[in-house]
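Position 1 is the first residue of the sequence, and the numbers go up from there. Since we're looking at a predicted model, the values are computed, not measured.
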Amino acid sequence: MKFRLFTAIAITAMAIVSCSEETAGIGKSLTDEDDKLQVSTGIFEAHSKSLVIDSIYAQNFDCFFGQIKDPETGTYVKTEFMTQFNLLEGVNFPSKELMVVEDGQVIADSCEIRLFFDKERCYGDSLVPLKMRIQELIEPMNDNLVYYTNYDPEEAGYIREGGIDKKQMFSIVNHTYSDEVRSSKGYSDMIRIALNDPYIAPDGQSYNNYGSYLLQTYYDHPEYFKNSYTFVNKVCPGFNFKIEDGLGVMANINDISMRLFFRYKKSNDEFTNTMMAFAATPEILQTSHVTNDKEGLKELAADNSCTYLKTPSGIFTEVELPVMKIMEGHHNDSLLSVNMTFQRMNSELFENEYLLKAPSMVLMIQKDSLFSFFEKEKTYDYRSSFVSSLNKNTYSFTNMGNIVTLMFRDMFVGSLLDPDWEKKHPDWNKVVLVPVTTILSAAQKTNTAGAATATINGICNNLALTSTKLVGGNTPIKVNVIYAKFNDKK
């Protein structure tokens, strides 16, 4: 009976305790004389500090591109990326006899890469120009390896010597289009990178542009276009995108595609214009490379008057939970509730449009699992990992009893097996607050209002520009605990 009733009793007890500090008589009011529930409370202190993060898991489909100076801290942040392109299985071009041919070879009209902006998530002045550089890879990056944001494909020798290497200016607002075009329905600001210069393939063969290389390779080796794996390994290993110059813009790129334009005879021997798109999708490899001011970040982290959350790949907040104090004298009790709230501190600067926003969602995870969690593409389970959304300048974590119990159990069992277990596992009772974003699937469901909704497939490190200070450091953080146990009477 006790086990079956416990969940319902726990929920009721928490509701009662939240309304009143008087806990006497709660057990009597919830259960009968044979199964009386005893409820007690405790308030403890956790201690936190800033944790500088050199790099984070880079295989992230949330793509940012640009370079800024944080107005609050004066630190610089630059984000670049590498991407490959996906090919739909079973893709087919028209019969070779129907294509435009010059000097006995099929030719394309043009080829370009398009980077589309999500202006709602771009930071900085949309008119500020930056200089970008696009470089062709000599071979695809190894999708069996784990890449972090400190990995630079150029330094690693992945850039093809003699391959595509071009520079181009861009701004978030594309002034190559007229105001009328930019205000038209369906228009989206983007960068267009033309790949129409003469191209020499790795085997030394020349083509009038990159699009013609793709087409002729298809007709010579259609098996290379069987799927994305063969396309990346045999035809197009991918491209690296760098920031060469400029400051003041960090653009969110929500769509990347390579577009091949060509003509073929459709009917009556007349040529029709068409296009084939190759998209950068979650199914293929895309990595981000983040460069930031490490010395500046270390300076911030040394400030013990608070703790920081800064992204991308900047500063997290480490928290040491008072596990032993919570469990002292309560080894046989159940933790009905363990709650913590992290309060934001206001910026010392006046509000302006260029101050970095606070992270909207934060993950609490055991420090020992900080990197493996993202590498294994796990999601929060409210057992060893929890999420909290920013609400009224606070991040609140409730029902953390599972993680406290898990930590205590691991320590207890480990110490029985090895007297030096705690020395070998100094982070056993520590968690880290990590800014994250959700990974959404394509819209699959329909809500009651008839609108399509997306489902959450997982979470990933936040690569956007965010920053906030939290109460902590020299100021302890309260941990509120509610215990419960049944009064065994025979």
Side-chain angles (χ1 to χ4, degrees), residues 44-57 68-79 148-150 290-323 340-349 355-374 385-390 393-397 400 403 407 426-437 459-479:
F44 303 91
E45 291 183 347
H47 298 275
S48 62
K49 67 177 183 178
S50 294
L51 182 66
V52 176
I53 300 297
D54 175 70
S55 59
I56 56 177
Y57 187 57
I68 66 102
K69 182 179 181 180
D70 184 345
E72 185 175 26
T73 63
T75 59
Y76 290 87
V77 181
K78 180 166 65 173
T79 301
Y148 277 74
T149 51
N150 59 357
V290 177
T291 306
N292 50 25
D293 183 351
K294 293 294 191 297
E295 292 305 314
L297 293 178
K298 290 177 182 177
E299 235 177 86
L300 292 178
D303 179 5
N304 290 324
S305 67
C306 63
T307 66
Y308 281 89
L309 293 176
K310 290 186 69 66
T311 64
S313 184
I315 306 177
F316 298 162
T317 289
E318 176 187 306
V319 185
E320 183 173 355
L321 299 178
V323 175
M340 295 182 69
T341 295
F342 295 86
Q343 179 73 42
R344 284 189 63 214
M345 299 174 65
N346 292 328
S347 171
E348 296 174 358
L349 299 182
L355 280 180
L356 303 187
K357 295 181 180 179
S360 58
M361 180 180 290
V362 173
L363 171 76
M364 176 186 285
I365 187 172
Q366 289 179 275
K367 187 178 180 182
D368 288 339
S369 304
L370 177 60
F371 300 106
S372 62
F373 180 91
F374 295 100
S385 55
F386 306 79
V387 292
S388 175
S389 297
L390 182 62
N393 273 339
T394 64
Y395 301 98
S396 295
F397 294 89
M400 293 168 49
I403 197 169
M407 288 176 166
D427 297 325
W428 71 271
N429 61 341
K430 294 174 184 176
V431 295
V432 179
L433 304 186
V434 183
V436 293
T437 57
I459 58 175
C460 59
N461 283 286
N462 191 340
L463 287 174
L465 291 169
T466 68
S467 180
T468 193
K469 290 194 289 187
L470 301 177
V471 173
N474 294 330
T475 304
I477 303 157
K478 287 186 178 180
V479 183

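A heavy-atom distance below 4.5 Å is not found between the side chains of Ile365 and Phe316. Side-chain atoms of Phe342 and Thr307, non-hydrogen and from C-beta on, never get closer than 4.5 Å to each other. Between Met400 and Leu321, the closest side-chain pair of non-hydrogen atoms falls below 4.5 Å. Side-chain atoms of Tyr148 and Asp54, non-hydrogen and from C-beta on, never get closer than 4.5 Å to each other. Contact annotation: the side chain of Thr79 approaches that of Pro312 to within less than 4.5 Å [non-hydrogen atoms, C-beta and beyond]. Put simply, the side chain of Tyr308 reaches to within 4.5 Å of the side chain of Asp303, judged on heavy atoms. Residues Ser55 and Val290 have side chains not in contact (no heavy-atom distance under 4.5 Å, counting atoms from C-beta outward). Side chains of Thr149 and Leu463 form a contact here, defined as non-hydrogen atoms less than 4.5 Å apart.
Tested against Ile53 for a side chain to side chain contact (heavy atoms under 4.5 Å, CB included), the candidates Val432, Ile315, Leu370 yield a single pass: Leu370. Between Met364 and the choices Val387, Leu433, Val434, the side chain to side chain contact (heavy atoms under 4.5 Å, CB included) rule is met once, by Leu433.
Phe386 pairs by the ring pair (Phe, Tyr, Trp, His ring centres under 6.0 Å) definition with Tyr382, not counting sequence neighbours. Thr311 meets the side chain to side chain donor-acceptor pair (under 3.5 Å) test with Thr466; sequence neighbours excluded. Considering only residues two or more places apart in sequence or on other chains, Thr468 meets the side chain to side chain donor-acceptor pair (under 3.5 Å) condition with Arg344.
Atom NZ of Lys367 has more than 12 neighbouring heavy atoms from other residues, nucleotides or ligands inside a 6.0 Å radius. Residue Lys49 qualifies as open at atom NZ: its count of foreign heavy atoms under 6.0 Å is 12 or below. More than 12 heavy atoms of other shown residues, nucleotides or ligands fall within 6.0 angstrom of atom NZ in Lys294.
Distance alone, capped at 3.5 Å, places no donor-acceptor pair between the Thr317 side chain and the Ser50 backbone. The backbone N or O of Ser313 sits less than 3.5 Å from a side-chain atom of Asn292, completing a donor-acceptor pair. Counting only distance, with no hydrogens or angles, the side chain of Tyr395 and the backbone of Pro359 share a donor-acceptor pair below 3.5 Å.
The CG atom of Asn429 sits 10.0 Å away from atom CD of Gln366, with the distance rounded to the nearest 0.5 Å. Between atom OG1 of residue Thr475 and atom CE of residue Met345 there is a gap of 7.5 Å, rounded to the nearest 0.5 Å. Remark: Asp427 CG to Asp368 CG distance equals 5.5 Å, nearest 0.5 Å. Here the CE-NZ distance, from Met340 to Lys478, works out to 12.5 Å after rounding to the nearest 0.5 Å. In this structure, CG on Leu309 lies 10.5 Å from CG on Asn462, to the nearest 0.5 angstrom.
Comment: Lys310 engages Asp70 in a salt bridge, judged by a side-chain N to carboxylate O separation of less than 4.0 angstrom.
A donor-acceptor contact closer than 3.5 angstrom links the side chains of Ser396 and Thr341.
For Cys460 against Phe374, the heavy-atom pair with the smallest separation is C-CE2, 3.9 Å. Across all non-hydrogen atoms, the minimal contact from Lys69 to Gly74 is CE-O, 3.7 Å. Counting all heavy atoms, side chain and backbone alike, Lys430 lies closest to Met407 at O-CE, 3.7 Å. The nearest pair of heavy atoms linking Ser385 to Leu363 is CB-CD1, 4.1 Å.
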Evaluation steps, side chain to side chain contact (heavy atoms under 4.5 Å, CB included), between Ser48 and Ile477 | CA-CA 8 Å; Ser48 62; Ile477 303 157; 3.5 Å; yes

Under the side chain to side chain contact (heavy atoms under 4.5 Å, CB included) criterion, do Met361 and Thr437 qualify, and how do the steps go?
CA-CA 7 Å; Met361 180 180 290; Thr437 57; over 6 Å; no

